[in-house]
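First up is the structure itself, then whatever we jot down about it.
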Amino acid sequence: MYLYNSATHKKEEFVTHTPNHVEMYTCGPTVYHFAHIGNLRSYIMEDVLEKALRWRGYDVNRVMNITDVGHLASDADTGEDKMLKGAKRENKSVMDIAKFYTDAFFDDCKKLNIKTPDVVQPATGLIDEFIKVVSALIDKEYAYVAGGNVYFDTSKLDRYYVFNDHDEEDLAVGVREGVEEDANKRNKNDFVLWFTKSKFEDQALKWDSPWGVGYPGWHIECSCISMKFNGEYLDLHCGGVDNAFPHHTNEIAQSEAYLGHPWCKQWFHVHHLNTNSGKMSKSKGEFLTVSLLEEKGYDPLAYRFFCLQSHYRKGLVFTWENLDNAVGAYNKLIKRVAALGGDDGAVDQGVLGACADKFGEALDNDLNTSMAVTCVYDALKADTNAATKRAIIGSYDLVLGLDLIKKADALREKEAAQAKTAGADGFTIQGEGDPAIDALVLQRAEAKKAKNFAEADRIRDELKAQGIEVTDVPGGAVWKRV
Ligand code: AMP
Ligand code: ZN
C-alpha cells in the first residue's frame with residue numbers, strides 16, 4: 001500500500017516494523033463539546049484507513065486517546081482551557097462534561113459506522129505514566145523546570161520542524177501570533193510538559209507531581225498513551241491536518257527524546273471540512289453535528305458516503321446542496337443493489353478475485369476512496385450473476401462501511417411487505433410497509449365493509465394516536481406518518 005507521508009512529503013510504500021502487523025495511533029477528541037462533522041470527517045477517513053489495512057490482511061492494533069484534561073485553546077501554555085470552558089458553559093463538573101461528550105462521540109461514531117479503536121484511553125487515567133516520562137526527559141536534559149513549570153527544550157533537537165518546509169523564523173512568528181510570550185521559555189518553541197504555575201488558577205483537575213501540584217501539557221498525553229499501548233515503534237499516526245504543528249511536532253520531539261530512537265514512520269493527516277466561511281471549528285461555536293443532520297432527516301451514512309467521494313488530502317467544502325447530491329447518489333446506489341435480488345446462484349470466484357484486485361489498487365493508491373466507490377458501480381455492471389455482484393459489494397463494504405447490502409435487503413423487504421399487503425383481498429395498502437399499521441388499516445377497511453362505522457372510526461383514532469393518517473382511495477387506502 002502506498003500512502004502519502006507528511007513527514008517525508010512523499011507518497012511511500014507503507015512498511016511496518018513487524019511484518020503484517022500495524023501499530024496505529026489516532027488523536028482522539030477533546031470532549032468539551034459535541035464532535036462536529038468536520039472532526040468526524042477525520043475519524044471517517046481514519047476508519048476507512050484502518051479497515052483498508054485489515055482488508056489487506058494486516059493485523060491492526062489501534063489506539064486512541066480521549067483528551068479530558070490539559071488541552072488549551074492554542075499553544076500548550078496559552079489560551080483557554082477548553083474542558084473548563086465546557087464545564088462553565090453547562091454548569092457541570094469537568095468529569096461530568098468529559099463523560100457526557102465521550103459517550104456522545106462514540107454514539108456519533110456508531111451511527112457513522114466508525115469502529116471503536118482497540119484501546120481508548122482517557123488522558124486523566126494515565127497521569128503516573130506522564131509523570132514518569134516527564135521525569136525521564138528532565139534526567140536526559142531534554143526538559144527543564146522554570147517558573148514552576150516543566151518545559152521541553154527544543155534547542156536540544158537536531159531537527160524540530162518535521163512536517164513543514166517553513167523556515168524556523170517564519171514558523172516562530174506564526175506560533176507567536178495572538179499568543180502571549182512566556183518568559184520562562186529558553187526558546188520560543190519550547191512547550192510545557194507539566195504545569196504547576198498556570199494563569200488558570202481555577203484549574204479543576206490537578207495531581208501531585210515531583211514539581212508540585214499541577215496538570216499535564218497538551219502534547220504529552222498522546223506520546224505516553226501511544227508508547228504504552230502501541231509500544232516503542234509506532235507504524236502509523238493519524239490526525240487532522242491542524243494537528244501537524246505544533247501537536248504532532250511536539251509529540252515526535254518528546255517521544256524520540258524519551259526513547260532515544262526514531263518513533264513513528266508514517267504520518268497520515270486528513271484535510272479539513274470547510275464551510276463557505278472557512279474551517280468548521282468547535283471553538284467558533286457554530287457547527288454541524290450528526291444529531292443535527294438526523295433532525296433534518298439525513299441518514300448519517302449519507303454523510304459518510306459524501307466524505308468517501310473525495311480524497312482525504314483535499315479540503316472538502318460542505319454545503320447542503322453538496323450533501324443533497326450525495327444523498328441522491330447514495331439512495332440510488334442502494335436501490336441498484338436492492339434490484340440485484342437475494343443471494344441465489346453460486347459466486348464466481350474468478351470475477352470476485354479480479355474485482356478485489358481493482359478495489360485493492362484504489363486503496364493502495366493513497367486511499368483513493370472515490371475510486372473505491374466507483375468500484376461498486378463497476379461491480380453492478382460486471383458480466384456476472386447477482387450472487388457474485390452481492391459478494392463483491394459485500395467485500396468492498398467491509399472497508400467503505402456504507403451498509404450497502406443491509407440497506408438494500410431492508411429496502412427489498414419493505415417493498416415485498418408492501419406488495420404482500422396489496423395482494424390481500426384485492427385491497428391495496430400503500431404506506432411504509434409496516435405490517436402492524438397495515439393490519440390496522442385492513443381491519444378498518446373490513447369494519448367499514450361490514451358497516452361497523454363505530455369500529456372503523458375507533459381504528460382511525462387509534463392510528464391517529466400513533467401519528468398515522470389514513471386516506472381512502474379507490475380499491476384501497478394510503479397511510480403516512482404526519
Ligand atoms: P479536537 O476534538 O478539536 O481535538 O479534534 C478532533 C480531530 O478533528 C483532530 O484530529 C482534528 O485535527 C480534527 N479536525 C478539527 N477540525 C476539523 C475539520 N474542520 N475538518 C476535519 N478534521 C478536523
Ligand atoms: Zn494527539
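All ligand and atom numbering here is 1-based and tracks the order in the structure.
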Greater than 12 external heavy atoms within 6.0 Å of K115's NZ: yes

Examine [X] against ligand 1 and note whether any of their N/O atoms are separated by less than 3.5 Å.
{"X": "G38", "answer": "yes"}
{"X": "T30", "answer": "yes"}
{"X": "C27", "answer": "no"}

Which ligand 1 atoms, with their elements, are less than 4.0 angstrom from a heavy-atom of [X]?
{"X": "M280", "answer": "16 (N), 18 (C), 19 (N)"}
{"X": "S42", "answer": "13 (C), 21 (C), 22 (N), 23 (C)"}
{"X": "N243", "answer": "9 (C), 10 (O), 11 (C), 12 (O)"}
{"X": "P29", "answer": "2 (O)"}

Test side-chain contact (heavy atoms from CB on, under 4.5 Å) applied to P262 - qualifying residues, sequence neighbours left out: E256

Where does the angle between the aromatic ring planes of [X] and [Y] fall among parallel (under 30°), tilted (30 to 60°) and perpendicular (over 60°)?
{"X": "F306", "Y": "F318", "answer": "perpendicular"}
{"X": "F105", "Y": "Y43", "answer": "perpendicular"}
{"X": "F163", "Y": "W267", "answer": "perpendicular"}

salt_bridge(D378, K358) N-O dist < 4.0 Å: yes

C27 near the Zn ion (ligand 2) via N/O/S, less than 2.8 Å: yes

Angular separation of SG (C222) and NE2 (H247) seen from the Zn ion (ligand 2), to 10°: 110°

Ligand 1 contact by V270, heavy-atom criterion under 4.0 angstrom: no

Contact check, D242 vs ligand 1, heavy-atom distance below 4.0 Å: yes

Please report, to 0.1 Å, the donor-acceptor pairs under 3.5 Å made by any side chain of residues 400-409, with sequence neighbours excluded.
from : atom 1 : to   : atom 2 : distance (Å)
D403 : OD1    : N113 : ND2    : 3.0
K407 : NZ     : D299 : OD2    : 2.6
D409 : OD1    : R390 : NH1    : 2.9
D409 : OD1    : R390 : NH2    : 3.4
D409 : OD1    : R412 : NH2    : 3.0
D409 : OD2    : R390 : NH2    : 3.3

Atom of E251 nearest the Zn ion (ligand 2) (restricted to N/O/S, atom name only): OE2

Y2 and N365: side chain donor to acceptor below 3.5 Å: no

Selection from H248, H272, H269 by shortest heavy-atom distance to atom 23 (C) of ligand 1: H272

4.5 Å side-chain heavy-atom contact, L137 and V150: no

